[in-house]
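Let me begin by presenting the structure, written as structure tokens, before commenting on it.
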Amino acid sequence: METNGLGSQGFPELKNDTFLRAAWGEDTDYTPVWCMRQAGRYLPEFKETRATQDFFSTCRSPEACCELTLQPLRRFPLDAAIIFSDILVVPQALGMEVTMVPGKGPSFPEPLREERDLERLRDPAAVASELGYVFQAITLTRQRLAGRVPLIGFAGAPWTLMTYMIEGGSSSTMAQAKRWLYQKPQASHQLLRILTDALVPYLVGQVAAGAQALQLFESHAGHLGPQLFNKFALPYVRDVAKRVKARLQEAGLAPVPMIIFAKDGHFALEELAQAGYEVVGLDWTVAPEKARERVGKMVTLQGNLDPCALYASEEEIGRLVQKMLDDFGPHRYIANLGHGLYPDMDPEHVGAFVDAVHKYSRLLRQN
């Protein structure tokens with residue numbers, strides 16, 4: 001029995017469930033849209049909020065995360081919010097030091113070099129208790145959203161986290177991490193298992209805190225060919241979904257749709273569509289009609305406008321969105337970019353993208 005507009009967990013009742021319905025494969029009146037990195041440096045207000053604070057201090061402040069999560073929703077009629085956080089809070093919670101170097105990105109002063117370095121890592125079962133600040137941010141944001149749109153929680157997938165922990169930061173080749181796969185396959189699997197064991201309770205904790213959907217980012221899928229991907233990435237991606245769903249059920253929590261976004265993982269589309277996720281995110285290198293043929297009718301697709309298309313004029317953005325919506329079709333589809341927003345993008349053009357999706361997808365359904 002839901003009373004006074006409060007949902008089952010005592011949160012305000014959801015007013016716009018279009019994104020969730022599309023994720024579950026139900027029909028919607030229009031195509032829902034959100035943007036990866038919608039809470040980001042392209043917004044002047046984001047830079048203002050972040051100006052005084054170190055990146056990971058911001059991540060550890062529920063109040064700051066909540067504010068940053070809500071900023072894009074004040075500007076644009078987005079159909080979902082995604083909690084402001086970072087995939088690297090998981091390696092941090094496992095005991096690794098990570099700093100964010102302005103202009104350079106994340107840096108691990110002491111990356112994993114040898115098999116014995118795995119002994120430095122904390123017990124993965126303790127990770128969720130280290131990440132209470134993320135759960136607090138989710139609960140606070142869910143309250144402040146006042147049921148406007150659903151809130152998405154997220155994490156990095158095991159292989160992607162492994163690359164950072166071994167490379168010590170960004171890399172164009174992932175050669176050190178891949179060296180592990182070829183030279184230390186046992187240790188690699190051990191590390192991937194540790195990460196999976198950390199991610200499951202972390203994602204379940206996000207749902208318990210109020211997340212209404214979950215996205216797993218396999219951002220570095222493209223550095224693996226089909227063989228390595230099937231051996232070192234896919235089994236863990238599958239395992240995360242399977243175990244999260246089982247744990248939610250055991251905890252008496254309602255199921256939430258899960259999204260897998262494997263950037264440049266086009267060679268594994270069929271496998272990803274059968275990995276236990278309701279939604280498969282696509283980057284801009286994949287043709288929507290071909291993707292739809294390959295994944296069949298059982299999953300929702302999300303994506304995949306080239307983020308750089310937002311450098312085009314607003315008219316051109318409208319045309320590109322129209323083409324994208326025509327190609328994906330109105331069913332089982334969530335509009336997004338094929339990657340995150342870049343810091344130098346014009347907020348007006350982001351607004352034009354969101355509006356074009358709403359406007360054209362309504363027209364599409366009338367015809």
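Remember, it's a predicted structure, so these values are computed and weren't measured experimentally.
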_Thr285 and Asp264: CA distance, side-chain angles, deciding distance, side chain to side chain contact (heavy atoms under 4.5 Å, CB included) verdict_ = CA-CA 7 Å; Thr285 64; Asp264 298 317; 4.2 Å; yes
*Step-by-step side chain to side chain contact (heavy atoms under 4.5 Å, CB included) determination, Phe135 to Tyr202*: CA-CA 9 Å; Phe135 305 148; Tyr202 177 48; 3.8 Å; yes
*I would like to know whether Ser171 and Gln176 meet side chain to side chain contact (heavy atoms under 4.5 Å, CB included); could you show each step before the answer?*
CA-CA 9 Å; Ser171 154; Gln176 294 307 317; over 6 Å; no
_Before you tell me yes or no, could you show the steps for Val98 and Phe56 under side chain to side chain contact (heavy atoms under 4.5 Å, CB included), namely the whole-Å CA-CA distance, both residues' side-chain angles and the distance that decides it to 0.1 Å?_
CA-CA 9 Å; Val98 191; Phe56 285 109; 3.9 Å; yes
*asked:* Run the side-chain hydrogen bond (donor to acceptor under 3.5 Å, both in side chains) test on Tyr311 and Asp346 for me, step by step, so that the C-alpha distance in whole Å, both residues' side-chain angles and the decisive distance to 0.1 Å come before the verdict.
replied: CA-CA 8 Å; Tyr311 295 131; Asp346 181 349; over 6 Å; no
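Summarising the local packing, CZ of Arg116 is surrounded by 12 or fewer heavy atoms from other residues, nucleotides or ligands at distances under 6.0 Å. Within 6.0 Å of CZ in Arg179 there are 12 or fewer heavy atoms belonging to other residues, nucleotides or ligands.
Leu14 has its side chain within reach of Leu20: a pair of non-hydrogen atoms, C-beta onward, lies under 4.5 Å apart. Two residues are said to be in side-chain contact when any heavy atoms from C-beta on lie closer than 4.5 Å; Met165 and Leu121 meet this criterion. For the pair Arg193/Thr196, no side-chain contact is recorded, criterion being any heavy-atom separation below 4.5 Å from C-beta on. Between Cys65 and Thr141 the shortest side-chain heavy-atom distance does not fall below 4.5 Å. Counting heavy atoms from C-beta outward, Tyr277 and Val299 have side chains that stay 4.5 Å or more apart. Residues Lys184 and Glu114 are in side-chain contact: their nearest non-hydrogen atoms beyond the backbone lie under 4.5 Å apart. In this structure, the side chains of Ser170 and Pro106 come closer than 4.5 Å at one or more pairs of heavy atoms. Proximity of Trp159 to Leu181: side-chain heavy atoms (C-beta onward) are separated by under 4.5 Å at one or more points.
Note on Arg122 versus Glu130: salt bridge recorded, some NZ/NE/NH1/NH2 to OD/OE distance being below 4.0 Å. With respect to Arg120 and Asp117, a salt bridge is recorded, a charged nitrogen being found less than 4.0 Å from a carboxylate O. Taking the charged nitrogens against the carboxylate oxygens, Arg21 and Asp17 do have a contact shorter than 4.0 Å, which makes a salt bridge.
Taking CG of Leu337 as the reference point, atom CH2 of Trp284 lies at 10.0 Å (rounded to 0.5 Å). Note that SG of Cys35 and CG of Leu341 are 5.0 Å apart. Values are rounded to the nearest 0.5 Å. Expressed to the nearest 0.5 Å, how far CD of Glu97 lies from CZ of Phe108 amounts to 10.0 Å. Interatomic distance, CD of Glu67 versus CG of Leu140, reported as 10.5 Å (0.5 Å rounding). We find the CZ-OH distance between Arg319 and Tyr360 to be 13.0 Å, quoted to the nearest 0.5 Å. Within the model, atoms CE of Met96 and CD of Gln92 stand 10.5 Å from one another, a figure rounded to the nearest 0.5 Å.
Closest approach of Phe11 and Thr139 over heavy atoms only: CE2-O, 3.8 Å. When all heavy atoms of Ala81 and Thr69 are compared, the closest pair comes out as CB-CG2, 4.0 Å. Minimum heavy-atom separation, Ala80 to Trp34: O-CB, 3.9 Å. Here the shortest heavy-atom pairing between Pro150 and Asn16 reads CD-O, 3.3 Å. The shortest non-hydrogen separation linking Gly153 to Ile83 is CA-CG2, 4.2 Å. Counting all heavy atoms, side chain and backbone alike, Ser85 lies closest to Val134 at OG-CG2, 4.1 Å.
Ring geometry for Tyr30 against His358 counts as perpendicular: the plane angle is over 60°, on a 0 to 90° scale with 30° as the lower cut.
Ring pair Phe353/Phe76: centre-to-centre distance not below 6.0 Å. Here Tyr42 and Tyr342 keep their ring centres 6.0 angstrom or further from each other.
Under the 3.5 Å distance criterion, the side-chain polar atoms of His349 are matched with a main-chain donor or acceptor of Leu310. For the pair Arg294 (side chain) and His266 (backbone), a donor-acceptor distance under 3.5 Å is present. Remark: side-chain polar atoms of Tyr164 are not paired, donor with acceptor, to backbone N or O of Ile87 under 3.5 angstrom. Looking only at distances, a side-chain donor or acceptor of Lys178 sits under 3.5 Å from a matching main-chain atom of His223. Gln190 contributes no side-chain N or O that, together with a main-chain N or O of Ala187, makes up a donor-acceptor pair within less than 3.5 Å. Judged purely by atom type and a 3.5 angstrom limit, Ser107 has no side-chain atom pairing as donor or acceptor with the backbone of Gly169. For Gln136 (side chain) and Pro62 (main-chain N/O), no donor-acceptor pair under 3.5 Å exists by modelled atom type. No donor-acceptor pair under 3.5 Å is formed between the side chain of Arg362 and the backbone N or O of Thr31. Listed for the Glu167 side chain is a donor-acceptor partner under 3.5 Å among the backbone atoms of Ala175. Looking at Arg332, its side chain does come within 3.5 Å of a backbone N or O of Lys297 through a donor-acceptor pair.
Applying the side chain to side chain donor-acceptor pair (under 3.5 Å) test to every pair with at least one member in residues 46-64, sequence neighbours left out, gives these pairs: Thr49-Gln71, Arg50-Thr58, Gln53-Thr58, Asp54-Ser57, Glu63-Arg144.
In this structure, a donor-acceptor pair under 3.5 Å is absent between the side chains of Asn336 and Asn304. Defined by atom type and a distance below 3.5 Å, a donor-acceptor pair is present between the side-chain atoms of Thr28 and Arg365.
By the rule that hydrophobic residues join a cluster once side-chain heavy atoms approach within less than 4.5 Å of another member, Val127 and Leu88 end up as members of one cluster. The hydrophobic cluster containing Ile194 also contains Ile166, counting ILVMFWY residues as joined when their side-chain heavy atoms lie under 4.5 angstrom apart, directly or transitively. One hydrophobic cluster, built from ILVMFWY side chains closer than 4.5 Å, holds both Trp180 and Tyr182. Both Met100 and Leu161 are part of a single hydrophobic cluster, where members link through side-chain heavy atoms under 4.5 Å apart. If you chain together hydrophobic residues whose side chains sit under 4.5 Å apart, Ile152 and Leu145 fall into the same group.
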Which pairs would a plain distance check flag for residues 239-262, meaning a side-chain donor or acceptor within less than 3.5 Å of a matching protein atom at least two apart in sequence or in another chain?
residue	atom	partner	partner atom	Å
Asp239	OD2	Arg243	NH1	3.3
Arg243	NH1	Asp197	OD1	3.0
Arg243	NH2	Asp197	OD1	3.0
Lys245	NZ	Gly276	O	2.7
Lys245	NZ	Glu278	OE1	3.2
Lys245	NZ	Glu278	OE2	2.6

For residues 215-222, tabulate all N or O donor-acceptor pairs below 3.5 Å that involve a side-chain atom, not counting sequence neighbours.
residue	atom	partner	partner atom	Å
Gln215	OE1	Gln302	NE2	3.0
Glu218	OE1	Thr160	N	3.0
Glu218	OE1	Thr160	OG1	2.5
His220	ND1	Thr163	OG1	2.8

